[in-house]
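Quick notes on the structure that follows.
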Amino acid sequence: MKKNKLLTIMLIILVSITLLGVVAVVVVTQLNKGAEPKVESIDDVVASSVDIEEITTNIKDDNYVKIALKIQTSNKDAAAELTKRDFQVKSILIDELSEMSREDLEGKKGKELLESTLKTKINELMQEGEVQQVYITSYIIQ
């Protein structure tokens, strides 16, 4: 009788440990699934992007720049909003360029600074989403 009771207790403990192990494996697997980065297809990127047509404006040191942009947003609703705010984006672009000299805009760092500044300023306007990336698609300084 003691052997049966001992055997029953051992089986209960063994089953409990096995169940805990299975639960732990399932939890770890589920946590790792959420950590996988979502890669957007190029069609999604294009659908959530807005083209800003080429504009020509003076810069700080009596030169001028011709520039066109593509702005990638977080979703299609944000892209629709940004399309409506086209005039505000152009105004921000002109304001920022008017404070920059030719030297400020030259080189990779100058372009990255402009893209970063535009992203921050445009995101202050956005209500339906956010700007994820600003791309310079055409660029000439004279």
Side-chain angles (χ1 to χ4, degrees), residues 3-142:
K3 287 185 181 181
N4 285 342
K5 206 174 199 181
L6 185 60
L7 184 60
T8 304
I9 292 171
M10 286 176 40
L11 284 174
I12 290 172
I13 291 172
L14 184 60
V15 169
S16 297
I17 291 173
T18 304
L19 284 175
L20 285 174
V22 169
V23 168
V25 168
V26 169
V27 167
V28 169
T29 304
Q30 293 300 321
L31 289 177
N32 286 340
K33 277 187 183 177
E36 293 176 13
K38 180 184 174 191
V39 177
E40 289 184 278
S41 73
I42 190 63
D43 294 328
D44 292 337
V45 171
V46 170
S48 64
S49 296
V50 175
D51 288 314
I52 304 299
E53 63 190 39
E54 187 173 81
I55 63 170
T56 304
T57 186
N58 293 334
I59 56 177
K60 190 175 185 178
D61 55 3
D62 295 329
N63 290 307
Y64 70 92
V65 64
K66 283 176 106 173
I67 191 167
L69 306 172
K70 182 173 275 290
I71 302 174
Q72 180 185 346
T73 62
S74 56
N75 56 51
K76 292 178 185 177
D77 291 338
E81 178 188 357
L82 190 61
T83 300
K84 293 176 187 175
R85 293 182 180 276
D86 177 63
F87 67 97
Q88 291 174 313
V89 172
K90 288 179 182 177
S91 177
I92 290 170
L93 178 59
I94 291 168
D95 287 345
E96 291 302 317
L97 287 172
S98 69
E99 294 297 319
M100 299 178 88
S101 66
R102 181 181 187 117
E103 290 78 29
D104 294 336
L105 291 168
E106 287 182 343
K108 185 177 180 179
K109 289 189 181 203
K111 290 175 189 71
E112 287 175 350
L113 175 64
L114 178 62
E115 290 170 348
S116 171
T117 303
L118 292 174
K119 178 181 173 183
T120 302
K121 297 272 186 172
I122 296 168
N123 272 330
E124 291 173 5
L125 298 174
M126 298 295 290
Q127 296 174 351
E128 295 295 321
E130 65 178 13
V131 172
Q132 292 183 327
Q133 185 69 41
V134 175
Y135 299 97
I136 296 174
T137 56
S138 174
Y139 177 81
I140 298 172
I141 295 180
Q142 287 190 332

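From Asp86, atom CG reaches atom NZ of Lys90 across 4.0 Å, with rounding to the nearest 0.5 Å. Within the model, atoms CD of Gln133 and OG1 of Thr73 stand 12.0 Å from one another, a figure rounded to the nearest 0.5 Å. Remark: Leu82 CG to Ile71 CD1 distance equals 5.0 Å, nearest 0.5 Å. Put simply, OG1 on Thr18 and CG on Leu11 are 10.5 Å apart, with the number rounded to the nearest 0.5 Å. Taking CZ from Arg85 and CD from Glu128, the interatomic distance works out to 9.0 Å, rounded to the nearest 0.5 Å.
In this structure, the side chains of Tyr135 and Leu69 stay at 4.5 Å or more apart for every pair of heavy atoms. Using a 4.5 Å cut-off on side-chain heavy atoms (C-beta onward), Tyr139 and Lys66 make no contact. When side chains are defined from C-beta on, Ile92 counts as touching Leu125, because their heavy atoms get closer than 4.5 Å. Two residues are said to be in side-chain contact when any heavy atoms from C-beta on lie closer than 4.5 Å; Gln72 and Val131 fail this criterion. Contact check for Lys76 versus Glu81: no side-chain heavy atoms found under the 4.5 Å cut-off.
Across Val25, Val27, Leu31, Val26, a single residue satisfies side-chain contact (heavy atoms from CB on, under 4.5 Å) together with Thr29, and that is Val25. Screening Ile140, Leu114, Thr57, Thr137 against Ile67 for a side-chain contact (heavy atoms from CB on, under 4.5 Å) leaves a single residue, Leu114. Of the candidates Ile136, Asn63, Leu113, Leu97, Leu97 is the only one forming a side-chain contact (heavy atoms from CB on, under 4.5 Å) with Leu105.
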Q: Please step through side chain to side chain contact (heavy atoms under 4.5 Å, CB included) for the pair Asn58 and Val65, ending with a clear verdict.
A: CA-CA 6 Å; Asn58 293 334; Val65 64; over 6 Å; no
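The existence of a salt bridge linking Arg102 and Glu106 is confirmed by a sub-4.0 Å separation between a basic side-chain nitrogen and an acidic carboxylate oxygen. Taking 4.0 Å as the cut-off between side-chain N and carboxylate O, Glu130 and Lys119 do not count as a salt-bridged pair. Using a cutoff of 4.0 Å between basic side-chain nitrogens and carboxylate oxygens, Lys70 and Asp51 are scored as salt-bridged.
In the displayed structure, Lys121 atom NZ is contacted under 6.0 Å by at most 12 heavy atoms of other residues, nucleotides or ligands. Within a 6.0 Å sphere centred on CD of Glu99, heavy atoms belonging to other residues, nucleotides or ligands number 12 at most.
Between Ser49 and Ala79 the shortest heavy-atom distance is N-CB, 4.3 Å. Taking every heavy atom of both residues into account, Asn75 and Asp77 meet most closely at OD1-N, 3.1 Å. Pairing each heavy atom of Thr117 with each of Glu96, the nearest pair is CG2-OE1, 3.3 Å.
No donor-acceptor contact under 3.5 angstrom links the side chains of Ser74 and Gln132, judged on distance only. In this structure, a donor-acceptor pair under 3.5 Å is present between the side chains of Ser101 and Asp104.
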